[in-house]
Amino acid sequence: MSRLLDGLDAEKRHWLHRCGQMAVTRGGRAFLVGGSVRDLLLSNDQVDLDVVIEGDGMGVAQDLARELGGSLIRHHAFQTAVVTTANGFRVDVATARREEYKRPGQLPQIVPGDLENDLARRDFTINTMAISLSESDFGAFIDPHDGRSDLETGCIRAMHPRSFADDPTRVLRALRFSVRYSYKIEDKSEEWMNEAITGGCLGTVSGERVCKELRLLFTESPMQGPSRLEVEGVLPIVHPGLRFQRKPLQGLQDLIEWWEVASSGVSLVTKPKGWLMVLGCCAKRLSSTERWDLVRHLKLSREERRPLIDSGAPWKRAADSLLDSPGQPLNSMVEREFRGIDQGALLVGASIAGIDSAKAEMVRIYLDELHGVTAELDGLELRELGVPQGPIVGEILERLRVSKLDGKAPNASVERKLVKAWLAENQL
Ligand code: CTP
């Protein structure tokens with residue numbers, strides 16, 4: 001009996017044990033499968049729980065959600081379900097199945113099957129291992145395709161010649177695992193993968209699915225990810241103008257690190273948007289029209305598209321106009337030009353300009369010192385100082401803000417003096 005499950009914390013082990021019992025109650029069997037087993041073997045302590053049920057997977061998911069007091073989302077068409085609790089505990093449950101690909105690149109049709117079918121339909125041998133969750137052999141290790149040996153020798157091996165053509169997102173997955181673990185793609189599999197790439201298989205997949213994989217790859221491996229995509233000829237398939245940009249991407253990592261320290265880790269920019277900033281660097285040469293084509297192809301949301309769109313023409317316009325201004329641009333000018341531009345796009349622009357450039361320095365000053373600056377006084381205090389009601393209040397607040405940005409109003413008392421002087425000047 002394998003002791004692999006001992007690598008999990010007690011809570012996870014308990015619920016896996018319960019899954020096993022629930023499956024038996026419904027006349028089936030439960031197994032921990034796929035990436036979960038791979039990660040357990042790699043001693044990863046952040047193992048996701050992927051459970052496959054021979055039998056009524058949707059029923060077991062329902063029982064589990066009830067007992068856990070968690071929420072349940074079921075996709076009956078795919079026979080998959082996700083159970084989550086309020087404190088973030090999550091189990092993915094699926095009915096064991098065979099998959100039939102009617103057309104390459106399209107989502108497969110699902111036919112209920114047993115564990116053997118379910119493991120055989122998977123992408124790479126390292127993802128085809130299972131652990132029994134049944135009471136009688138709880139923890140037993142199941143490895144029909146020698147996944148463990150490929151995991152130990154560092155080899156990504158596809159299950160069959162059509163694997164990449166059936167599901168071309170596996171090209172991106174193979175490269176992601178290869179980069180993540182520094183594993184080699186086995187020779188024959190690489191041949192199948194290259195045939196699929198040159199045969200244009202990625203063109204048969206929806207932009208959304210490509211996007212999901214790019215997000216994972218660029219988040220995990222912001223340098224090696226795009227570099228590997230270029231080497232394998234995949235980057236130009238996503239868009240012909242995309243290129244791996246070594247220097248900007250190196251600069252981007254430095255700037256992201258700097259920004260995380262400068263913003264004390266509270267930056268909302270870098271974590272979720274990091275991969276979009278990587279894409280923004282690779283899109284260095286893309287025109288506005290091409291950027292919009294890419295946005296539409298990948299189905300990026302309004303917020304997601306900003307690092308890509310704003311690092312094009314809006315960034316160039318803003319940065320060039322600041323450099324064109326005679327002398328050193330005032331802080332208030334920098335703030336005015338940059339405030340409408342996505343912060344991720346500013347970091348992309350600075351990386352492309354070079355992190356030692358004047359443009360990058362302006363971005364650092366803006367993010368660190370200028371963005372979000374407001375006057376010390378508020379509308380109420382202005383009224384108390386005698387400012388009449390109406391648009392003048394907003395105008396004076398803006399003048400105070402500009403003075404503060406440019407170092408002419410270091411505190412509230414100077415702001416009060418300024419307000420009084422302006423009121424006197426204008427005989428208000
Ligand atoms: N899978 C597959 N083909 C795909 C996607 C997934 O065969 N295109 C299978 C693999 O067996 C994989 C499992 O479904 O292990 C779960 O997929 P997923 O959760 O997306 O990936 P993981 O392998 O768990 O990898 P990660 O560590 O990135 O979560």
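One-based numbering along the sequence shown. Whatever order the structure lists them in is the order used to number ligands and atoms, beginning at 1. Computed from a predicted model, the values in this text were never measured in an experiment.
Of the inter-residue distances, the one linking R29 atom CZ with I53 atom CD1 reads 11.0 Å to the nearest 0.5 angstrom. Between L41 atom CG and R148 atom CZ the span is 5.0 Å, to the nearest 0.5 Å. Atom CE of M58 and atom CZ of R26 lie 10.5 Å apart (nearest 0.5 Å).
Side-chain contact of D150 with T125: a donor-acceptor pair under 3.5 Å is present, judged by distance alone. Using modelled atom types, one finds no donor on one side chain facing an acceptor on the other under 3.5 Å when comparing N127 with R122.
Only the side chain of D167 comes within contact range of ligand 1, with a heavy atom under 4.0 Å; no backbone atom does.
Of the protein's non-hydrogen atoms, D50 OD2, 4.0 Å is the one closest to atom 16 (C) of ligand 1. Looking at atom 3 (N) of ligand 1, its nearest protein heavy atom turns out to be R170 NE, 3.1 Å. Nearest protein neighbour of atom 27 (O) of ligand 1, counting heavy atoms only, is R38 NH2, 2.7 Å. Closest to atom 29 (O) of ligand 1 among all protein heavy atoms lies D48 OD2, 4.1 Å.
Aromatic ring pairs are classed by plane angle as parallel below 30°, tilted from 30° to 60° and perpendicular above 60°; the pair F164 and F124 is tilted. The aromatic rings of F177 and Y181 lie parallel to each other, with less than 30° between the two planes, well short of the 60° mark.
For ligand 1, one of its N or O atoms has an N or O atom of G35 under 3.5 Å away. Below 3.5 Å of separation, one finds an N or O of D123 facing an N or O of ligand 1. Considering backbone and side-chain atoms alike, R173 places an N or O below 3.5 Å from some N or O of ligand 1. Considering both main-chain and side-chain atoms, S36 never comes within under 3.5 Å of ligand 1 through any nitrogen or oxygen pair. Looking at R121 next to ligand 1, no N or O pair under 3.5 Å apart turns up.
Using modelled atom types, no side-chain atom of R157 and backbone atom of S189 make a donor-acceptor pair closer than 3.5 Å.
For K12, the NZ atom is densely surrounded, since the number of other residues' heavy atoms within 6.0 Å is greater than 12.
Near R176, with a cut-off below 4.0 Å to any heavy atom, the atoms of ligand 1 are 28 (O). Taking every non-hydrogen atom of T169 and a distance limit under 4.0 Å, the qualifying atoms of ligand 1 come out as 8 (N). In the vicinity of G34, heavy-atom distances shorter than 4.0 Å reach the ligand 1 atoms 15 (O).
For the ligand labelled ligand 1, residue F177 lies inside the 4.0 Å heavy-atom shell.
If you check each of E213, K212, R180, R122 against atom 14 (O) of ligand 1, the one with the closest non-hydrogen atom is R122.
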D137/S132 under side chain to side chain donor-acceptor pair (under 3.5 Å): CA gap, chis, key distance, verdict: CA-CA 6 Å; D137 60 350; S132 171; 2.6 Å; yes

